[in-house]
S.K.: 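Handing you a structure now.
Starting from 1, each residue takes its place in the sequence as its number. These numbers come from a predicted model, not from an experiment.
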Amino acid sequence: MSEKGNLKVKIKDGINKLKLHWKTPPKGYYVNYKEFLNLALGSGSLSFLSVIISWTTIAINIPMMISYFKVSTGFIFVAGIVASIFGLVRAPILSMMIDNSNSKKGKFKPFLLWSAVLTAVSFTFIPFIPEAWVGNILFSFDIPAIPVFAVAASHIEVSLASLIMFLLIQIGTFFNTLLSQCLTGIEQTVSPVSQERANIGAFKGLICNIPSSVVNIVIPLVAGIVFASSKDPMNNIELYRWAFPICSIGGIAFVFFTYFGVEERVVVHKEYVAKVKFSEGAKQLFSNKYFWIITIFNIAVGIRGNINMYLWICNYGIGGQKGAFALTVCNMLLNNALVPGMLVGPWMIKKLGKRRVMIISTVGFTVMAFMQLLTLKSPYLMLVAIFFQNLFNGLSYISNIMVSDVLDYQQWKTGKRLEGFWQNCLSFVMTFCGLFTSALMPLFMSFGGVGFGDNIDTALKNHSIMYSTFESVTWLGIIGSVLCAIPIFFYDLSEEKHANYIRALRIRAIVENYKNDEISSEDIAKLEEIVSFAKDNNDEFVLYELSSHPETQEILEKVGKE
C-alpha cells in the first residue's frame with residue numbers, strides 16, 4: 001500500500017477511535033474523549049484570565065504600571081513584600097475551604113463559577129480606575145539606604161489609584177488562586193489511573209493555553225493598528241479597557257465546560273464526609289516525605305529559571321536589528337520547545353516510569369546549563385543551550401502528575417483527601433522561601449557588576465559587565481539545576497505502588513458501602529477484579545489489605561450464593 005493509502009487508513013482509524021471513545025472511555029480508563037475536551041476547555045478559563053493578570057502585575061516592565069499608575073521601583077519593592085504576607089495568610093484559608101467541602105456537586109465544582117466571576121471583576125476594574133485618582137496622594141514613607149545591595153534612600157508616595165489597584169490585585173489573586181486550585185484538583189481526581197492522568201495532563205496543556213497565546217499576539221497587533229497615533233500604543237489605557245472585558249467573558253464562559261462536563265472521581269465510600277482541621281492537615285502533609293521532595297523541586301525550579309536570559313542575550317549580546325530578529329525567532333522557538341516533552345511524556349512514562357523520566361529531564365537541563373556556561377562569548381550558542389534547556393523542561397509537567405499519585409498515597413495512609421492543603425501548604429512554603437530566594441537574582445547580578453539600584457539597561461550595554469553578569473547568573477541557574485535533580489532521586493513512589501494504593505482504597509470504599517447497605521454491582525465487579533489480580537500475581541500488599549477486611553469474603557460469598 002502507498003504512503004498516501006496508509007495515511008488515509010490511519011486517518012480513518014483515528015476518526016473511528018474518536019467516535020468509539022467519545023462517550024465511552026478506552027478499556028481500563030475512566031475518562032471519555034468528550035469529558036477530556038471539557039476538562040481542557042475549562043482550563044482555558046485560567047488561560048484567558050492569565051492575560052489580564054499578567055498585564056496588571058506590579059512590575060517596572062508592565063506598560064500599565066509605568067504609564068498609567070506611575071509606580072516607582074520602591075513601591076514595587078514594598079508591594080511585593082506586602083503581597084507575600086497576604087499570600088502567607090491566604091494559604092490556610094483556602095486549605096480549609098477546599099478540604100472541608102462536602103457539596104453534592106463535588107469537592108471542587110462549587111467554587112468554580114463564583115471564583116471565576118470574582119477574579120474577572122477584580123482585575124477588569126483596574127484599568128477603569130479614574131486617572132484623577134493617580135494624582136491623589138494618600139500617604140508617603142521613606143525607604144532607608146541598603147548599601148549591601150547598592151540601594152539608595154528613597155521617598156515613596158502612594159496614590160489613591162495605586163492603593164485601590166493593589167487591593168484589587170490581592171482580592172483577584174485570592175479568587176484566581178481558588179479557581180486555579182479547584183481546576184487542578186478536578187484534574188487530579190478525574191481518574192484514579194496514573195497513566196490516564198499523565199495522558200490528560202500532557203494534551204490538556206497543549207489545548208488550554210491556546211487562548212492566552214492568541215490574545216497575547218492580538219493585543220500588540222491591535223495596539224499598533226488602532227492606537228498607532230499614540231506615542232507608545234502599548235501604554236494607551238484604552239487598549240486594556242476593551243481587552244480586559246473580552247478576556248473576562250472568556251474566563252467566565254470557559255469554566256462552564258468543566259463545571260457541567262467533568263466528573264470528580266475520588267475513591268471514597270458513598271457516605272464519606274470531608275472534615276480536616278488545619279493543624280491536622282498541615283501536620284500530615286509536613287510529615288509526608290513526598291511533599292518535601294516535590295516542594296524542594298519546585299523551589300529549585302524557580303531558582304534555575306533565572307538562567308533563561310534570552311531577552312538579555314538578544315537585546316544586549318546581539319543587539320540591533322539582528323537582535324530584534326533573533327528575539328522574534330526565540331519567541332516562536334523557545335516557548336514551543338516545551339511542546340515535544342508534552343507530546344512524548346505519556347509514552348515515556350509508560351516505558352520508563354515518572355521517576356526515570358524526571359531524572360532525564362533534570363539531568364538533561366543541568367547538562368545544557370553547563371553548555372550555556374561554556375558558550376558565554378557566543379550569544380547564538382547560548383540561545384541553542386537555552387532551547388535544549390526548554391526542551392528538557394517540557395517534561396517537568398510530570399511533577400504535577402506525581403502530586404496526584406502522592407495525594408492517593410496520602411489518602412491510603414491517613415484516610416484524608418488533602419488536595420487543598422497540598423496546594424496551599426506548598427504555596428505557603430514557596431512564598432516564605434521566596435522572601436529569601438527572590439534576593440538571589442539581584443545578588444548574583446551584583447557579582448557581575450550590576451548594583452541593586454543600577455539601571456539594568458545602562459549597565460548591560462557595557463560588554464564587560466554584560467559578560468560578567470551572564471556568567472554569574474548562569475552559575476545561579478546551574479545551582480538551581482543541580483538542586484532540582486537531587487530530590488527526584490529520592491522519589492520512590494512507583495507506578496506499581498500507586499496502583500496498589502488505589503486497589504486498597506477501592507477495597508476500603510467497597511467495605512464501607514457494604515456496611516452502609518449501599519454496595520452496587522460495580523463495587524462487586526471491582527472487588528472480584530482486585531481479588532483475581534491479587535491471587536494471580538500473589539501480591540502480598542493487596543492480599544494483606546483483603547485479609548484486613550473480612551467483609552470482602554462475606555461480599556463474595558453472598559454474590560456466589562445469589
S.K.: Just how far is it from atom OG1 of T414 to atom NZ of K283, taken to the nearest 0.5 Å?
M.R.: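 The NZ atom of K283 is 12.5 Å from OG1 of T414, to the nearest 0.5 Å.
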S.K.: For F244, give me all partners under ring pair (Phe, Tyr, Trp, His ring centres under 6.0 Å), at least two apart in sequence or on another chain.
M.R.: Y240
S.K.: Just jot down the side chain to side chain donor-acceptor pair (under 3.5 Å) partners of Y467, sequence neighbours excluded, or say none.
M.R.: none
S.K.: To the closest 0.5 Å, what do you measure between CG (L443) and OG1 (T437)?
M.R.: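 If we round to the nearest 0.5 Å, L443:CG and T437:OG1 are 12.0 Å apart.
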S.K.: Mind checking side-chain contact (heavy atoms from CB on, under 4.5 Å) for F260 and listing every partner two or more places apart, or none if nothing turns up?
M.R.: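 So F260 forms a side-chain contact (heavy atoms from CB on, under 4.5 Å) with F256.
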S.K.: Listed by chain and number, what are the side-chain contact (heavy atoms from CB on, under 4.5 Å) partners of S287, not counting sequence neighbours?
M.R.: none
S.K.: Tabulate below the donor-acceptor pairs under 3.5 Å that side-chain atoms of residues 124-138 make, not counting sequence neighbours, or state none.
M.R.:
from, atom 1, to, atom 2, distance (Å)
T124, OG1, A120, O, 2.6
T124, OG1, S248, OG, 2.3

S.K.: Do K416 and Q284 come close enough that some side-chain heavy atom pair is under 4.5 Å?
M.R.: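 When only atoms from C-beta onward are counted, Q284 and K416 do touch, with a gap below 4.5 Å.
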S.K.: L183 and S43: which non-hydrogen atoms are nearest, and at how many Å?
M.R.: CD1-CA, 4.4 Å
S.K.: With side-chain hydrogen bond (donor to acceptor under 3.5 Å, both in side chains) as the criterion, how do T189 and E264 come out once you've worked through the C-alpha distance, each side chain's angles and the decisive distance to 0.1 Å?
M.R.: CA-CA 5 Å; T189 58; E264 299 174 28; 4.8 Å; no
S.K.: Looking at residues at least two apart in the chain, or sitting in another chain, which of them share a side-chain contact (heavy atoms from CB on, under 4.5 Å) with L476?
M.R.: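 So L476 forms a side-chain contact (heavy atoms from CB on, under 4.5 Å) with I303, N306, L440, M441, F444.
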S.K.: Determine, stepwise, if the pair I478 / R304 fulfils side-chain contact (heavy atoms from CB on, under 4.5 Å).
M.R.: CA-CA 7 Å; I478 289 172; R304 81 175 184 183; over 6 Å; no
S.K.: For K204, which residues count as a salt bridge (charged side-chain N to carboxylate O under 4.0 Å, His left out) partner, sequence neighbours excluded?
M.R.: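 Residues passing salt bridge (charged side-chain N to carboxylate O under 4.0 Å, His left out) with K204: E187.
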S.K.: Can you tell me how far the CZ atom of F365 sits from the CD1 atom of I307, to the nearest 0.5 Å?
M.R.: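 It is 5.5 Å, given to the nearest 0.5 Å.
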S.K.: Can you confirm if the aromatic rings of W292 and F286 lie within a centre distance of less than 6.0 Å?
M.R.: yes
S.K.: Could you list the residues that satisfy salt bridge (charged side-chain N to carboxylate O under 4.0 Å, His left out) with K289, not counting sequence neighbours?
M.R.: D492
S.K.: Where do V262 and F257 land on the side-chain contact (heavy atoms from CB on, under 4.5 Å) test, with the steps shown first?
M.R.: CA-CA 8 Å; V262 181; F257 286 101; over 6 Å; no
S.K.: NE2 of H463 to NZ of K377: how many Å apart, nearest 0.5 Å?
M.R.: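 Going from NE2 on H463 over to NZ on K377, the span is 10.0 Å.
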S.K.: Okay, side chain of W242, backbone of L239: is any donor-acceptor separation there less than 3.5 Å?
M.R.: yes
S.K.: Taking the side chain as everything from C-beta on, heavy atoms only, tell me whether I210 gets closer than 4.5 Å to S47.
M.R.: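 I210 does not reach S47 side chain to side chain.
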S.K.: How close do G341 and L395 get, counting heavy atoms only, and between which atoms?
M.R.: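 Nearest heavy atoms, G341 then L395: O-CD2, 3.5 Å.
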S.K.: Please report the C-alpha distance between F470 and M382 in whole Å, then the side-chain angles of each, then the deciding distance to 0.1 Å, and finally whether the side-chain contact (heavy atoms from CB on, under 4.5 Å) criterion is met.
M.R.: CA-CA 10 Å; F470 283 0; M382 286 183 72; 4.1 Å; yes
S.K.: Could I get the full list of side chain to side chain donor-acceptor pair (under 3.5 Å) partners for S404, not counting sequence neighbours?
M.R.: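 Not a single residue meets the side chain to side chain donor-acceptor pair (under 3.5 Å) criterion with S404.
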S.K.: Contact between V51 and W55 at the side-chain level, heavy atoms closer than 4.5 Å - yes or no?
M.R.: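 Yes, close enough: below the 4.5 Å cut-off.
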S.K.: State which residues pass side chain to side chain donor-acceptor pair (under 3.5 Å) with Y397; sequence neighbours excluded, sorted by chain then number.
M.R.: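 Partners of Y397 by the side chain to side chain donor-acceptor pair (under 3.5 Å) criterion come out as none, since no residue qualifies.
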S.K.: What do the steps show when you test N393 against S396 for side-chain hydrogen bond (donor to acceptor under 3.5 Å, both in side chains), and what is the final call?
M.R.: CA-CA 5 Å; N393 193 37; S396 65; 2.9 Å; yes
S.K.: Show the atom names and distances, to 0.1 Å, of all donor-acceptor pairs under 3.5 Å that link a side chain in residues 160-179 to residues at least two apart or in another chain.
M.R.:
from, atom 1, to, atom 2, distance (Å)
S162, OG, S159, N, 3.0
S162, OG, S159, O, 3.0
S162, OG, S159, OG, 3.0
T173, OG1, I169, O, 2.6
T177, OG1, T173, O, 2.6

S.K.: Using a 3.5 Å distance criterion without hydrogens, assess whether the side chain of W312 forms a donor-acceptor pair with backbone atoms of N308.
M.R.: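 Judged by distance alone, no pair lies under 3.5 Å.
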S.K.: Taking the side chain as every heavy atom from C-beta outward, state whether I296 and L483 have any pair of such atoms under 4.5 Å apart.
M.R.: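 Side chain of I296 against side chain of L483, heavy atoms only: no contact under 4.5 Å found.
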S.K.: Taking the side chain as C-beta and beyond, is there a heavy-atom pair between M358 and M402 under 4.5 Å?
M.R.: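 Sidechains of M402 and M358: in contact.
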S.K.: What is the minimum heavy-atom distance between S45 and F254, and which atoms define it?
M.R.: N-CB, 3.8 Å
S.K.: If you take all heavy atoms of L49 and G251, which pair is closest and at what distance?
M.R.: CG-CA, 4.0 Å
S.K.: Could you give the distance from CD (Q181) to CZ (F108), rounded to the nearest 0.5 Å?
M.R.: 9.5 Å
S.K.: May I ask you to test the I293-V406 pair for a side-chain heavy-atom distance under 4.5 Å?
M.R.: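 Not in contact.
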S.K.: Could you tell me which non-hydrogen atom of F392 sits nearest to which non-hydrogen atom of S361, and how far apart they are?
M.R.: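 Scanning both residues, the minimum pair turns out to be O-OG, 2.7 Å.
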S.K.: Apply side-chain contact (heavy atoms from CB on, under 4.5 Å) to residues Q188 and T184 and explain how you reach the verdict.
M.R.: CA-CA 6 Å; Q188 290 170 340; T184 299; 3.6 Å; yes
S.K.: Report the distance from atom CZ of R90 to atom CD1 of I93, rounding to the nearest 0.5 Å.
M.R.: 9.5 Å
S.K.: Could you work out, with side-chain contact (heavy atoms from CB on, under 4.5 Å) as the rule, every residue matching S468, not counting sequence neighbours?
M.R.: none
S.K.: Are M466 and N462 close enough that some pair of their side-chain heavy atoms sits under 4.5 Å apart?
M.R.: no
S.K.: Over all heavy atoms of both residues, which pair between T258 and K109 is shortest? Give the atoms and the distance, please.
M.R.: O-CE, 3.8 Å
S.K.: For Q410 and N288: C-alpha separation, side-chain torsions, deciding distance, then whether side-chain hydrogen bond (donor to acceptor under 3.5 Å, both in side chains) applies.
M.R.: CA-CA 8 Å; Q410 184 73 35; N288 184 332; 2.5 Å; yes
S.K.: Heavy atoms, side chains only, cut-off 4.5 Å: are L383 and C330 in contact?
M.R.: yes
